[in-house]
A.B. asks: 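Below you'll find the structure I mean.
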Amino acid sequence: MITFEHYLILSGAVFALGIYGVLTRRNLVAIFMSIEIMFNGINIALVSISNFINPALLRMQSVETVMPDVALSGQIFALFVITVAAAEVALGLGIVMMIYRRRQSVDATDLVSLKH
Amino acid sequence: MNVDDGIKLLAPEMVLVATALVVILCDAFDGVMRVKNKNYLIVIALIGIIVAVLTVALLWNGDIPQSGLLGSVMLDKFALFFKSLALGICAITLIILKDWVAVKNKYHGEYIALLLLSTVGVMVISSATELISIYVAIELVTLPLIALVALGKDTRSAESGIKFLILSALSSGSLLYGFVLLYAITGTTYTAELSNQIINGFGENSLALLMAISFIIAGFGFKVSAVPFQMWVPDVYEGSPIPVVAFLSTASKAAGFAIFLRLFQTSFTQVDVDWWMLIAIISVASMTIGNIGAIAQSNIKRLLGYSTIAHAGYILVGVTVLVSPAATLGVQSVLFYIAGYAFTNLTAFMCVMTISHKTKSENIDDFAGISTSSPWLAAILVLSFVSLLGLPPTVGLMGKIFLFNAAVQADLAWLALVGFLNSVVSAYYYLKVIRVVYSTSEVAPSTIKTSLVSMATLCVLSIGIILLGILPGMLLAVADSAAHAIIGG
């Protein structure tokens with residue numbers, strides 16, 4: 001039986017792997033892949049929360065609310081995260097191309113021209 | 001509630017988006033008309049900004065506070081304060097950009113359109129009251145800025161662009177994870193409901209809540225360039241064009257603080273987690289590391305980069321006050337400080353750019369002798385640095401007095417003391433620049449020509465800096481009504 005906790009643990013693990021990748025990879029393209037992995041970890045959490053949480057149980061009766069009856073916010077949130085991440089990576093790959101044309105290298109350790 | 005109402009609430013943003021699109025189209029198709037001088041694009045953008053300012057003025061006098069777009073945006077005086085500030089910063093940045101383009105002669109349309117779009121992000125962020133809108137608005141501020149940083153197309157700007165992009169992606173990942181945890185605890189993405197849900201037993205005192213708040217502070221800390229999320233600041237400032245740095249250090253920071261204040265005020269002030277302690281530590285660290293880092297710098301942009309980290313630290317003093325009874329005072333002084341800092345910093349960058357175009361160098365030592373060749377420019381530069389340092393009779397001093405007063409009222413006198421000591425440390429490097437400007441050099445630099453528009457802007461800005469330093473009441477009254485809008489009472 002796969003429960004809510006399993007999804008959250010999976011999401012946390014994928015997110016942590018992404019951060020680990022960003023911090024340790026030296027190839028800029030691999031860093032962008034790690035960033036995508038990070039965002040995918042977040043997406044797993046968002047859609048699973050949206051699936052498992054019952055807003056009717058969580059809702060405070062006293063509070064006037066504009067919240068819809070089903071917790072679709074998480075799924076919508078995931079869609080926005082995907083879109084924005086795509087924009088981010090498109091921008092990033094453009095810059096990586098620019099760097100590659102100038103240096104013939106996409107190694108992050110070569111980026112040392114700005115030093116005090 | 002229907003969607004039409006919501007669109008009315010976002011009228012200033014719509015005007016700016018439309019202006020940005022017009023600018024892009026004109027830039028792409030003006031070859032047909034054989035237009036050589038592209039300065040008309042800046043005029044179009046300024047007209048768009050004036051229209052947006054008028055709509056902001058209409059909304060300020062209209063029916064507010066008002067919530068719209070299914071509760072995801074809130075139009076109140078707090079939001080309108082930041083919208084006007086963002087528009088003002090954008091207008092001045094465009095004037096700085098005009099001089100920059102005149103010298104560098106490249107990439108006209110994109111710069112203007114991206115600046116306008118980033119301003120739209122700042123404006124949306126100031127009224128966002130829902131986690132998805134907050135996230136999208138933050139990215140709307142940052143993504144155009146990354147493109148602007150990298151658009152210089154030389155090695156240094158590409159490098160600073162990629163560093164900015166990777167670190168900003170990391171920070172938005174952290175912010176998002178914080179949002180996910182909040183959503184998991186409460187089942188809602190509306191900031192106003194988060195607080196109710198948490199207090200009524202969903203996750204109060206839980207480790208998850210503490211983690212969520214820490215992740216969110218990390219995400220916002222990057223945006224306001226606070227320690228330990230400040231690594232990108234010196235590199236990005238050094239590698240990118242001055243107009244972009246001017247915008248980055250003012251509008252982007254204002255956006256960070258706008259959402260910091262609104263989210264923490266509406267969602268976390270009632271919650272029994274001592275997050276203010278975390279912010280106090282970050283504040284002290286930012287002040288200290290920013291000021292100590294600035295001392296050793298020889299590049300003026302890097303120096304201003306470290307100084308901006310220190311100023312983020314001062315402003316965070318005001319954010320820690322949120323949980324205390326002096327919260328209104330805190331928010332009010334933060335707003336005052338941000339506005340004063342923004343215009344002071346824009347003045348500083350404008351002078352620095354004009355001088356460095358002449359000396360062809362961003363090294364502080366090459367600024368020697370400016371006072372003999374262009375006494376007015378030197379005087380305005382000194383005025384802006386005096387204001388950054390916080391000496392009378394400038395807006396910088398008033399801002400610091402209000403901030404530290406708020407901290408004392410909230411029984412955080414130690415924080416005010418640390419801030420004061422740091423201001424003393426900062427005197428070293430600010431006064432060093434002033435000393436160099438007024439020293440004599442063997443090679444007397446020729447007179448620096450400034451265009452009429454930028455000289456007029458500099459005059460208005462410096463009069464503003466002095467006037468608000470002597471009579472802070474006007475801006476303070478506006479900041480006060482804005483602060484009451486989010487705190488109530």
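Every chain is numbered from 1, with letters handed out A, B, ... down the list of sequences.
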A.B. asks: For residues B:Glu130 and B:Ser133, is any side-chain donor paired with an opposing acceptor at under 3.5 Å?
C.D. replies: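 Short answer, yes.
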A.B. asks: Examine whether an atom of B:Tyr177 lies under 4.5 Å from a heavy atom of chain A, and if so say whether it belongs to the side chain, the backbone or both; otherwise answer neither.
C.D. replies: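 Contact with chain A involves both backbone and side-chain atoms of B:Tyr177.
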A.B. asks: For A:Leu91, is it the side chain, the backbone, both or neither that has a heavy atom under 4.5 Å from a heavy atom of chain B?
C.D. replies: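 Both the backbone and the side chain of A:Leu91 come within 4.5 Å of chain B.
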A.B. asks: Select, from B:Leu131, B:Val136, B:Leu170, the one with the greatest count of heavy-atom pairs under 4.5 Å involving chain A.
C.D. replies: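 Among the listed options, the one with the most contacts to chain A is B:Leu170.
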A.B. asks: Please confirm whether the ring centroid of B:Tyr135 lies under 6.0 Å from the ring centroid of B:Phe179.
C.D. replies: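 B:Tyr135 vs B:Phe179: aromatic centres not under 6.0 Å.
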A.B. asks: Side chain from CB out, backbone as N, CA, C, O: work out which of these in A:Arg103 comes under 4.5 Å of a heavy atom of chain B, or both, or neither.
C.D. replies: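 Interface part for A:Arg103: side chain.
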A.B. asks: Using heavy-atom distances under 4.5 Å, tell me whether A:Ile31 contacts chain B through its side chain, its backbone, both, or neither.
C.D. replies: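 A:Ile31 touches chain B through side-chain heavy atoms alone.
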A.B. asks: Counting only non-hydrogen atoms closer than 4.5 Å, does B:Leu165 touch chain A with its backbone (N, CA, C, O), its side chain (CB onward), both, or neither?
C.D. replies: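 It is the side chain, since no backbone atom gets that close.
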A.B. asks: Got a donor-acceptor contact below 3.5 angstrom from the B:Asn299 side chain to the B:Arg302 backbone?
C.D. replies: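 Present.
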A.B. asks: Less than 4.5 Å to any heavy atom of chain B: does that hold for the side chain of A:Val89, its backbone, both, or neither?
C.D. replies: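 Answer is neither: A:Val89 stays 4.5 Å or more from chain B.
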A.B. asks: If you count every heavy atom of other residues, nucleotides or ligands that lies below 6.0 Å from A:Ile2 atom CD1, does the total exceed 12?
C.D. replies: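 Incorrect, the count does not exceed 12.
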A.B. asks: Given heavy-atom pairs under 4.5 angstrom as the criterion, report whether the side chain, backbone, both or neither of A:Ser48 touches chain B.
C.D. replies: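 For A:Ser48, no heavy atom lies under 4.5 Å from chain B.
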A.B. asks: What residue, out of A:Met98, A:Glu88, A:Met38, has the most heavy-atom pairs lying under 4.5 Å from chain B?
C.D. replies: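 The answer is A:Glu88.
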A.B. asks: Flag the one option from A:Ile19, A:Val81, A:Ile76 with the top tally of heavy-atom pairs under 4.5 Å to chain B.
C.D. replies: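 Of A:Ile19, A:Val81, A:Ile76, A:Val81 has the most heavy-atom pairs under 4.5 Å with chain B.
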A.B. asks: Need one label for B:Ser160: side chain, backbone, both or neither, based on atoms under 4.5 Å from any heavy atom in chain A.
C.D. replies: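 Both the backbone and the side chain of B:Ser160 come within 4.5 Å of chain A.
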A.B. asks: So B:Thr191 and B:Ile134, do their side chains get closer than 4.5 Å, heavy atoms only?
C.D. replies: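 Heavy-atom side-chain distance check passes, below 4.5 Å.
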A.B. asks: Please determine, by modelled atom types, if A:Tyr7 and A:Asn51 share a side-chain donor-acceptor pair under 3.5 angstrom.
C.D. replies: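 Note: A:Tyr7 and A:Asn51 side chains miss the donor-acceptor criterion.
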A.B. asks: Between A:Phe15 and chain B, with a heavy-atom cut-off of 4.5 Å, which part of the residue counts as in contact: side chain, backbone, both or neither?
C.D. replies: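 Side chain only.
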A.B. asks: Using the rule given for side chain to side chain donor-acceptor pair (under 3.5 Å), can you reason through B:Gln270 versus B:Ser195, listing the C-alpha separation, both sets of side-chain angles and the distance that settles it, and then say yes or no?
C.D. replies: CA-CA 7 Å; B:Gln270 315 287 324; B:Ser195 177; 5.8 Å; no
A.B. asks: Under 6.0 Å between ring centres: does that hold for A:Phe4 and A:Phe52?
C.D. replies: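 Yes, the ring of A:Phe4 comes within the 6.0 Å limit of the ring of A:Phe52, centre to centre.
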